[in-house]
Structures are given as structure tokens and as C-alpha cells.
Colleague: 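A single structure is presented below for examination.
In listed order, ligands and their atoms are each counted from 1. These numbers come from a predicted model, not from an experiment.
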Amino acid sequence: MKKLNGDVAWEDFDPQAYIEHNYRVLHPDDEAIITVVRDHFSGHFGGSGSVASGIDAGAGPNIYPALSMLPWCDKITLLERSPANVQYLNSQIESYGPQWDQFWDVLCRDEAYPRRVEDPRARFAQTVQPRQGNLFDLAKGDERWAMGTMFFVAESMTTSPEEFRRAVGCFMTALEPGAPFAAAFMEHSRGYRVGESDFPALDIDEQVVRATLDIHASNVQTHRLGKPGGLLREGYTGMIVATGHRSDR
Ligand SMILES: C[S@@+](CC[C@H](N)C(=O)[O-])C[C@H]1O[C@@H](n2cnc3c(N)ncnc32)[C@H](O)[C@@H]1O
């Protein structure tokens with residue numbers, strides 16, 4: 001059944017149920033995604049590094065995209081529509097939960113992470129700012145970010161191909177020219193359940209992801225991950241992680 005982003009009760013998204021299902025332990029598919037994203041960001045900034053502002057669009061209750069940007073950013077915005085998820089993110093600022101250490105450990109397999117971030121909890125607290133807001137409004141203002149992530153959002157917020165393309169476009173427009181980004185997508189998802197509520201998804205594949213990103217980005221690389229950890233979230237066939245740079249214009 002067709003469901004647009006504005007038709008969904010995002011306030012019913014249950015962060016604890018979502019974490020319990022997806023992020024209580026580190027699953028092999030997230031480990032594979034983190035590895036690709038880490039190498040992309042570390043490769044972009046190199047040893048010298050550069051300080052920038054970052055954004056994670058549609059953060060939900062997932063903090064590992066923010067951790068992946070932590071060594072390179074003065075400020076990281078976690079944009080999220082659901083008040084329940086924003087409340088969870090706020091609860092993690094002062095000292096994030098111990099389960100996130102497994103995710104940080106994967107990032108630390110690249111020496112730039114531990115070298116540039118001595119105390120990740122302290123740095124997270126200084127750097128990360130949750131913000132309740134709508135991805136579709138992002139590009140309306142003048143604010144732009146120097147790097148960005150968007151994980152399981154554009155295809156997991158609507159059944160509309162037009163809204164999927166618009167979500168990708170708004171995310172990309174919010175980035176400065178040349179900004180490195182990483183985005184992850186569920187492949188052929190039929191929607192998903194969190195706690196007691198069902199949420200919509202658009203059935204997409206690697207070709208759609210690439211074609212949509214190519215409009216806004218250069219050096220786009222996509223990686224299709226089968227199901228290294230088995231069927232974690234039901235009703236999909238794999239995950240796609242994409243990296244690249246916002247185009248210069
Ligand atoms: C499947 S969850 C992904 C959460 C997280 N990024 C992750 O990696 O697990 C989709 C998220 O997108 C958020 N979302 C949906 N529509 C949004 C919008 N228009 N603007 C910002 N966030 C939105 C939802 O509240 C939810 O947290």
C-alpha cells in the first residue's frame with residue numbers, strides 16, 4: 001500500500017525495540033558497512049586530516065554513523081524526525097551506552113581513529129548535537145555540512161520513488177561541494193516493523209542507488225552486501241552501501 005513520508009506516525013518509532021533488534025550486538029553486516037565507510041573517510045582526509053562539520057540525516061537511535069565522522073568534525077548534527085529518537089540520542093550525549101564500544105572498535109582498526117580521538121565519549125559529548133527536523137527541509141536554509149552520512153533512511157521512509165529521489169537530493173544538497181559522504185540502503189525492502197508499529201519502504205536495488213546518487217555526486221562507489229549475518233531485518237534481500245563526494249557544482 002502506498003505510504004508517503006508525511007503519512008507515517010514517526011513518533012511511534014520505538015528506539016529501544018529498534019536497538020534491541022539491530023544494535024545491541026555488532027552484526028557482521030554493520031561491521032562490513034563500517035569498514036567501507038571508515039576507509040572512505042580516512043582515505044579522504046588522510047594523515048593530515050581536516051576539521052569539518054558533519055551531518056547524519058535520519059539518525060534514528062543509531063550513533064555509529066556519527067562515530068565514523070568523529071575524528072574529522074568540530075560539530076556533528078544528528079537530524080531526526082521522531083521525537084522519541086531525538087530523546088534517545090539526547091540520552092547518549094553525556095556518555096553513550098557500552099554496546100557502542102563494539103562499533104568504535106571496528107573504526108579503530110584504522111589507526112587514524114584512536115590517534116585523533118583519545119576519548120571517544122568525551123569527544124562525542126563535545127561534538128554531537130541531536131536536532132529534531134525534517135530531511136525534506138534541510139536544503140531550504142543556507143546551512144551546509146562538510147561531510148555526511150545517511151543510513152537506511154531514503155528508502156525506509158516512504159513507498160514513493162519520487163520521495164526517495166527527493167530525500168537523496170535533499171541530503172546531497174545539504175553538503176558542501178566536494179564533501180565526502182556515505183549512505184546505506186536496504187535492498188528490495190517490503191517495509192519493516194519496530195516494536196508495535198509498521199514502517200514503509202521502497203523496493204530499490206543497487207542500480208537505482210547508483211543512478212540516483214550519480215545526479216549529485218562524483219566518485220560514487222556502491223557495495224552490495226548479501227546477508228553476512230543472516231536475515232537481520234526481515235523482508236529484504238541485502239544491504240547496499242555507497243560512498244562518494246558531493247559534486248562541485
Ligand atoms: C530505518 S530508520 C534508520 C535509522 C538509522 N539511521 C539507522 O542507521 O539505523 C529510518 C529513520 O528515518 C527517520 N525519518 C523518517 N522520515 C524522516 C524525515 N522526513 N526527516 C528526518 N528523519 C526521518 C525515522 O524517524 C527513522 O529514525
Colleague: Report the relative orientation of the aromatic rings in Trp10 and Phe199; use parallel for angles under 30°, tilted for 30 to 60°, perpendicular for over 60°.
Modeller: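 It falls in the parallel class, under 30°.
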Colleague: Test of understanding: given a 4.0 Å heavy-atom threshold, classify the contact between Tyr18 and ligand 1 as side chain, backbone, both, or neither.
Modeller: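 Within the 4.0 Å criterion, Tyr18 contacts ligand 1 through side-chain atoms alone.
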Colleague: Can the ring centroids of His245 and His216 be said to lie less than 6.0 angstrom from one another?
Modeller: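 No, they do not, as the ring centres are separated by 6.0 Å or more.
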Colleague: Show the numbers, then the answer: is there a side chain to side chain donor-acceptor pair (under 3.5 Å) between Asn5 and Thr158?
Modeller: CA-CA 5 Å; Asn5 186 252; Thr158 182; over 6 Å; no
Colleague: Please classify the Arg81 to ligand 1 contact at 4.0 Å (heavy-atom distances, strictly less than): side chain, backbone, both or neither.
Modeller: both
Colleague: Is Leu135 in polar range of ligand 1, meaning some N or O pair under 3.5 Å apart?
Modeller: yes
Colleague: Quick one: do Arg131 and Glu143 make a salt bridge, cutoff under 4.0 Å?
Modeller: yes
Colleague: Does the ring center of Phe151 lie less than 6.0 Å from the ring center of Phe185?
Modeller: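 So the answer is no for these two rings.
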Colleague: For Trp10, which part has a heavy atom under 4.0 Å from ligand 1: side chain, backbone, both, or neither?
Modeller: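 The answer is the side chain.
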Colleague: Evaluate the ring planes of Phe45 and Trp72, with Trp represented by its six-membered ring, and classify them as parallel (under 30°), tilted (30 to 60°) or perpendicular (over 60°).
Modeller: parallel
Colleague: Using distance alone, decide if ligand 1 has a nitrogen or oxygen within less than 3.5 Å of any nitrogen or oxygen in Pro65.
Modeller: no
Colleague: At under 4.0 Å between heavy atoms, which part of Asn62 makes contact with ligand 1: side chain, backbone, both or neither?
Modeller: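 Within the 4.0 Å criterion, Asn62 contacts ligand 1 through side-chain atoms alone.
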Colleague: So which bit of Ala59 gets within less than 4.0 Å of ligand 1, heavy atoms only: side chain, backbone, both or neither?
Modeller: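 The backbone, only.
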